[in-house]
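The basis for the numbers below is simple: all heavy atoms, side chains too, and nothing from hydrogens, waters or symmetry mates. No experiment lies behind these values; they were computed from the predicted model shown. Atoms within each ligand, like the ligands themselves, are counted from 1 in listed order.
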Amino acid sequence: MSKDKPLRRSREQQSADVSEAQIAVHWPEEDYFHPSSRFIAQANLVDPGVFERFSLDKFPECFKEFADLLDWYKYWEKTLDTGNPPFWRWYVGGRLNACYNCVDRHLAGHRNKTAIHFVPELEHEVVQHITYQELFVRVNEFAALLRDFCGLKTGDRVTLHMPMVAELPIAMLACARLGVIHSQVFSGFSGKACADRIVDSESRVLITMDAYYRGGKPLDHKEKADIAVAEAAKGGHKVDKVLIWQRHPGRYSSPTKLVEGRDFLVNDVLRTHRGKRVDPVPMPAEAPLFLMYTSGTTGRPKGCQHSTGGYLAYVTWTSKYIQDIHPEDVYWCMADIGWITGHSYIVYGPLALGASSVVYEGLPTYPDAGRPWRIAEDLEVNIFHTSPTAIRALRRDGADEPAKYNHRFKHMTTVGEPIEPEVWKWYHKAVGKGEAVIVDTWWQTETGGFLCSTVPGIHKMKPGSAGPAIPGIHPVIYDDEGKELPAGSGKAGNICIRNPWPGAFQTIWKDPDRFVKQYYSRYCRNPKSKNWRDWPYMAGDGAVHAADGYYRILGRIDDVINVAGHRLGTKEIESAALLVAEVAEAAVVPVTDQIKGKVPDLYVSLKPGLKASNNIASRIMAAVISEIGPIAKPHGVIIVPDMPKTRSGKIMRRVLAAISNHQDPGDVSTLANPEVVDRIKELVK
Ligand code: WTA
């Protein structure tokens, strides 16, 4: 790998930042809110000395404290091995099992405590309260099935395409028990998107469910498995077995037929595995625990590979001290386990601490915007975690709803996108009843767990700012030339992390070069260096560091759009559009949306001689949905006579983005075809 010169961002990217920066300017620095003395009195972390304990001169040994929250079969010999930068290895020589840490070790003290509250979307369905004992039994039986019936062993990969049901964490933990690497694909993704991930991870087994509820309606989910297997076969990869959980045990709820010899109903096969126990496999700390695919700058989603020891230590520590989870707490993270938030902060972190974690199947606003508060009241949830998109939707549809319920949160989290101060304040006042402490947590799929957040028992809160870095994380903001912006400068730049940390992903599955290039090479001081200090991690976000030490995240600096807190690559959507035969060129730009933060607008031009029609537009829409899923559905498909282009033929996304957002596209006179701009403006009107 050669040392890349700091890349100059293209005009398009710069302007994307300008619009983010404009948003930032509209958010003045806010007044502080203080955590209540009541919260502080019970908080897990109140000693500001923690930052001294985790200062850079204590690195990396300070991270021993993280790993000491876990049970190890064999204690590690070396906290951090930096021999092959930037492929950092944590807790080298140690052995542990993630499932043991999340299940078995709680049996002695908390056997009969609820591990998972499963709340079905339909309100008349029974809520399941799965104890640690029951979780232990179900995980063991399913692990036995994976091992004995599917022949899976340590190091194999398995793709899961599961909705939000208790069987999802059960399947993940069963994999972890065996040292099988799970790759859960968000259930809202299409069969095709699932296939891409099956092929890339070379999974021979697909675990899915027949159906699930969304907006009160049952969705046929099994049909996606058929598409996934067929598409994977086209990619030259054979899936041997499809394991199908039943949403209603004992009853098959999909109109899609089972394929003889390939499809198996889990509940049938489990009968022959009742009572089986599987010893947890003592895994090296560095063994991969799971893959989580995420969108990046180019092409297909990439498989972020997370480790067993470092990852689990990181999410456990941050769950304890940033989420402030105590064993007696009822904790509800209303994310989807199909994203990293759910892996880290519904499953692994809370269960490693022996908490009760809520898994909710459906939409936050189903059947009405009071639903989350009813669930919280019923289950006595006292820690609540969600995204700005969900908060905006709940505020729009039921600003006065929270006051009608007797739920009482001590702690609330927001994650995934910037939260507007007005929305933050409603969350605090209405949902948190002015009492709950709020943490705005900034992090990424790649980082495993939180990077920036206030420590709830120590810091005051500032709406719209994530807060300082958490203990052990040392950010730096660089400008485009690679110069460090002074701390507290208030200037926007690219946020990086100076030091490795245990939760960071290990590599991109089967693509170590891209791992190095995308995250480490831009600001690497010397590619030959074995010193971690020369290898800052580049997050890909613009950020501002204020004088009080709080970070405000401005948004992506690359071609990733954050839709409802979920990452979508513009390139992925563009490639889907190009599958429609008539399409010559496609360009996706982000449009600001009141609820979802951002949504994609899709501009296309057609091959010569073809005329725009509604039929073409709807086929393009359908292609995006079938390639990726409804989450990527464009806000609009705009068929243009030609794309605005530079003289060298580059599509000017900046101009399209301005038009979509009803802003001034600025000086377009240097374009090769300036006349097209007014025609596009007309079309968008
Ligand atoms: C954005 C989700 C502002 C950011 C955990 C990041 C945020 C991307 C915040 C990662 C926040 C996440 N404030 N922006 N608190 N949290 N982001 O991989 O742009 O789905 O790079 O991980 O979401 O999204 P991902």
- Task: Please confirm whether Arg556 comes under 4.0 Å of ligand 1, counting heavy atoms of the residue only.
- Result: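 Yes.
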- Min heavy-atom dist Pro418 to ligand 1 below 4.0 Å: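 Yes, Pro418 has a heavy atom closer than 4.0 Å to ligand 1.
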- Query: Which atoms of ligand 1 have any heavy atom of Asn562 under 4.0 Å away?
  - Reply: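 It comes down to these atoms of ligand 1: 1 (C), 23 (O).
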- Query: Going by the atom numbers of ligand 1, which of them fall below 4.0 Å from some non-hydrogen atom of Thr341?
  - Reply: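 It comes down to these atoms of ligand 1: 5 (C).
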Considering non-hydrogen atoms of the protein only, which is the closest contact for [atom], and what is the distance?
atom	answer
atom 24 (O) of ligand 1	Arg567 CD, 3.1 Å
atom 16 (N) of ligand 1	Gly416 N, 3.1 Å
atom 19 (O) of ligand 1	Asp541 OD1, 2.7 Å
atom 18 (O) of ligand 1	Thr445 OG1, 2.5 Å

- Among Trp442, Trp443, Tyr551, which residue places a heavy atom closest to atom 5 (C) of ligand 1?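 Answer by nearest heavy atom: Trp443.
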[X] ring center near [Y] ring center (under 6.0 Å):
X	Y	answer
Trp509	Phe290	no
Trp317	Phe54	yes
Phe505	Tyr519	yes
His459	Phe51	yes
Phe515	Tyr520	yes
Phe189	Trp339	yes

- Query: Pro418 and Arg392: which non-hydrogen atoms are nearest, and at how many Å?
  - Reply: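 That closest heavy-atom pairing would be O-NH2, 3.5 Å.
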- Please report the closest heavy-atom contact between Pro388 and Ile419, naming both atoms and the distance.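 For Pro388 versus Ile419, the nearest heavy atoms are CG-CB, 3.8 Å.
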- Task: Looking only at distances, please establish whether an N/O atom of ligand 1 is found under 3.5 Å from an N/O atom of Thr294.
- Result: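 No.
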- Task: Return yes or no for this condition: an N or O of His566 is under 3.5 Å from an N or O of ligand 1.
- Result: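 It does not: no N or O of His566 is found under 3.5 Å from an N or O of ligand 1.
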Answer with side chain, backbone, both or neither: which part of [X] has a heavy atom less than 4.0 angstrom from an atom of ligand 1?
X	value
Ile419	neither
Glu417	backbone
Thr441	backbone

- Parallel, tilted or perpendicular: which describes the rings of Tyr314 and Trp501, with under 30° parallel and over 60° perpendicular?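 Ring orientation, 0 to 90° scale: tilted.
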